[in-house]
Amino acid sequence: MRRIGIVLIVTGLLVPLAHAGQAFYVDAAKGGDENPGTLAAPFRTLRQALGVVNTRAAAGVRSDKIFLRGGVYKEEKPAKQGEGLYQLNLRGTPADHAVLSAMPSEPNAPGAVQRKSGRWYERVVFDDGQVVKGPWEKVPGTAHIWTCKPDFKNSGWIRGDKFVKQRYGYSTRTRPGAQFCVLQDGEALLWANQVTAGSKRLCNLYLNDLESVKALEPGYRAYDVDEATLYVWLHGNKNPNECLIEAWTGLRGRNIFNGDLVHATVRGMEFRLFENVLVPRAKYEEARTLQHVLWEDTDFFYGFRGIMYDIAKYEEEITYTPKFRNVSYRESHHWHIRHNRFYRVSGECLQVMGEGNIVEYNDFIEKAHPCFGPKSWVSCCNWRSCTGLIVRGNYIYGNCPDSKSGGGYTFVFESVPPIALRQGPPPRDGEFIFEYNVFLNNSSTGQRAAVLELGKGTGVFKNMVIRHNIFANSRARNTVGVSTPHENLLIHNNVFYREPCAIGYTGYGKAGDKRKLFGDLPSTVCIKDNIFVGCETTVHEKIAMPKATDRVMIERNLFFECEPLGRSAIAGRDPLFRDPAKLDFRVRPGSPAIAAGDDIGVYDAGGAVPRGGDWWAFAANGLPTVPLSLLP
């Protein structure tokens, strides 16, 4: 395969220098672990390459680089909870990052793929799925339904035994549970016979009669827990013995990577059916050092969680000490997460902590898809105890697609205290910029839930700017939710297009408990220069009519097909968007947004559109999606 010039430049770094990094290569098809790891004589396994690089990093060598040739990287070895399949110790310098990357490639080269940034790489896939080997047999009396008894030794019900016992009356420790996600050649198979019990969503796993099995449709699956039997009706009426059928491993806490990353870059790869890609710290463990990390051009398919997820949940039984609480958040900071695609991830794609993080130009598509069954829950992204965070140019589509497919928020800003909740004043997290993002067709369950929640936890948020974003066609009680106090919350130049409640009060927590609510402490909020179209409620009355101690300004907003509010409101006039169906919310000449004298809405009148704001360019060729091509 041909390689672009940058690889040749990188290979030039092989000139011996004191403590200088080298480039190492891995080729699972043609390499050998007895080789030196050069381009001509690559290693066979990533484990061998990491062993060499980790040893060199421990000896003080910086900025080593590992390039993976195309192929599927699959580890069968079990991993204990919190343990990684691969141990990283990537340490570089500010001017020369250590790198773990798929091999760069020329465009359209055989076997190459184009990632979100537009760059091309050899296709590297980390597949952590469990192959369902069968044998598959056709169910008697049916034309296309097949069955087998897969070896699900580890339950897929990662939500916990308590959940399963409440719903089904038994523990998964004694019976194998159905896997949350099953793929056919990379395409998800949906649960059959989904029903609603009160406000709870569950999947009917009992299919003890043939008629229930016959009720399946193409692209659906079901599982009989009593008989440990899986039923499928595959897409295209295919034979499962001729397809690749995979499921989650079901191993709790199984990580692809563990270790330390300092001035490091990870790019160009693809992850499928994983539990966690990278966890800063397992429960009760000391943190790992994760500083100044660039993560880009990576696709995440059907994962439980994505990257930068801290599973230490600070539950009540944990003894809070300054050391325990602060280590993880102090040592994980300055992450740059860009040009990645998160497709049908069940849990949180990101739980970003610390200071100085940038999250930009990523796609978050169909988080909490129905293929996961009752596992789908929590937010898509959690910005947790952050300062100096920038979130811009991201595309957030179809997350929590209906009220039975997930819970929590889509994006949430959360504050967690350093010690016990009762001690000291509430923390003040802030200095956020949230701009040029598009939220399309998202929903969130629960009366207090929101698409974008500004304040969950105990703190007072300060200097938060929400600007130039598009919120369109949400199916949630609140779009932007406010619950905690704010110092200088500025919501300006956004478009709220056909939202149930554009800016709502979510009321997270109750008065008198450990949390502080909006109105309990003085807040300063400014809502100006936004466009509201077809919203049932524009601003919740608790925010629009605050207490005397609050300072809330609602000024110069444009309202069309909804009730006007605030000073200098522009009411009842069509903003004249160019093409909302294609996410082009620029206004046409003659718009009242222009006639008002100052720019109102998401784009400057006649001005240049910044990178990440030209969403109609994507819509012209189809909205951003992740191709479901077969595994190589």
Side-chain angles (χ1 to χ4, degrees), residues 94 97 101 114-119 261 263-269 277-278 290-300 306-309 332-343 345 348-365 367 379-384 386-397 399 410-413 429-440 442 451-452 454 463-471 480 490 493-495 583 585 602-604 608-619 623-626:
H97 271 206
S101 175
Q114 186 178 29
R115 298 300 183 191
K116 190 175 185 300
S117 71
R119 292 191 292 260
L261 299 170
H263 294 294
T265 294
V266 182
R267 65 159 61 102
M269 296 174 285
V277 172
L278 178 65
L290 303 167
Q291 302 175 2
H292 301 280
V293 181
L294 171 62
W295 199 296
E296 67 176 348
D297 266 346
T298 302
D299 290 342
F300 302 88
I307 58 176
M308 197 62 175
Y309 187 90
S332 300
H333 59 79
H334 287 92
W335 278 59
H336 196 169
I337 300 170
R338 69 183 181 194
H339 297 305
N340 303 288
R341 294 182 289 194
F342 299 87
Y343 184 74
V345 175
E348 288 176 336
C349 302
L350 302 174
Q351 190 181 91
V352 175
M353 304 160 290
E355 63 180 3
N357 298 300
I358 300 175
V359 181
E360 60 183 358
Y361 316 131
N362 303 284
D363 294 345
F364 300 90
I365 301 175
K367 182 265 174 188
S379 57
C380 181
C381 292
N382 187 336
W383 323 114
R384 198 177 201 203
C386 292
T387 57
L389 172 69
I390 298 175
V391 181
R392 64 186 170 207
N394 299 285
Y395 173 78
I396 306 99
Y397 171 80
N399 297 287
T410 303
F411 279 16
V412 58
F413 290 87
D429 300 336
E431 311 297 338
F432 301 135
I433 297 177
F434 194 87
E435 62 183 359
Y436 294 103
N437 302 284
V438 168
F439 288 82
L440 180 64
N442 296 281
V451 172
L452 175 62
L454 307 182
N463 299 335
M464 179 179 289
V465 179
I466 312 297
R467 66 188 181 194
H468 300 288
N469 302 284
I470 298 168
F471 301 93
V480 175
L490 177 58
N493 290 97
N494 303 281
V495 167
L583 301 184
F585 286 88
V602 71
Y603 302 114
D604 296 336
V609 176
R611 181 182 182 187
D614 54 343
W615 292 106
W616 58 90
F618 287 95
L623 296 174
T625 58
V626 175

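Here the structure is a predicted model, which means the values were calculated and not measured. Residues: numbered from 1 along the sequence shown. In what follows, every heavy atom counts, from backbone to side chain, and hydrogens, waters and symmetry copies are set aside.
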Given [options], the one that forms side chain to side chain contact (heavy atoms under 4.5 Å, CB included) with [X]:
X    : options          : result
F434 : I390, V465, L452 : L452
R392 : H468, R611, E435 : E435
W295 : N340, T265, L350 : N340

How about [X] and [Y]: do any of their side-chain heavy atoms sit closer than 4.5 Å?
X    : Y    : result
R119 : Q114 : no
L278 : L261 : yes
N493 : V602 : no

Evaluate side-chain hydrogen bond (donor to acceptor under 3.5 Å, both in side chains) for H336 paired with E296, printing each intermediate quantity in order.
-> CA-CA 8 Å; H336 196 169; E296 67 176 348; over 6 Å; no
Which of parallel (below 30°), tilted (30 to 60°) and perpendicular (above 60°) describes F364 and F411?
-> perpendicular
Mind checking whether H292 and H333 have parallel, tilted or perpendicular rings, split at 30° and 60°?
-> perpendicular
Please round to the nearest 0.5 Å and tell me the distance separating atom [atom1] of [X] and atom [atom2] of [Y].
X    : Y    : atom1 : atom2 : result
K367 : N442 : NZ    : CG    : 11.0 Å
C381 : Q351 : SG    : CD    : 10.5 Å
I396 : F342 : CD1   : CZ    : 11.5 Å
I337 : T298 : CD1   : OG1   : 10.5 Å
I365 : Y397 : CD1   : OH    : 9.0 Å
H97  : L294 : NE2   : CG    : 7.0 Å

Within the distance-only criterion (no hydrogens, no angle test), does the side chain of [X] pair as donor or acceptor with the backbone N or O of [Y] below 3.5 angstrom?
X    : Y    : answer
N437 : I470 : no
N394 : N362 : yes
N494 : I466 : yes
N357 : W335 : yes
K116 : R338 : no
Y436 : V609 : no

Verdict with supporting geometry, H339 and S117, side-chain hydrogen bond (donor to acceptor under 3.5 Å, both in side chains) = CA-CA 6 Å; H339 297 305; S117 71; 5.4 Å; no
Using a strict cut-off of less than 4.0 Å between a Lys/Arg side-chain nitrogen and an Asp/Glu carboxylate oxygen, indicate whether D297 and R267 qualify as a salt bridge.
-> no
Establish, from distance only, whether the side-chain atoms of E431 and T387 form a donor-acceptor pair under 3.5 Å.
-> no
With a 6.0 Å cut-off on ring centres, are F432 and F413 close enough?
-> yes
W615-Y395 aromatic ring centre distance below 6.0 Å = yes
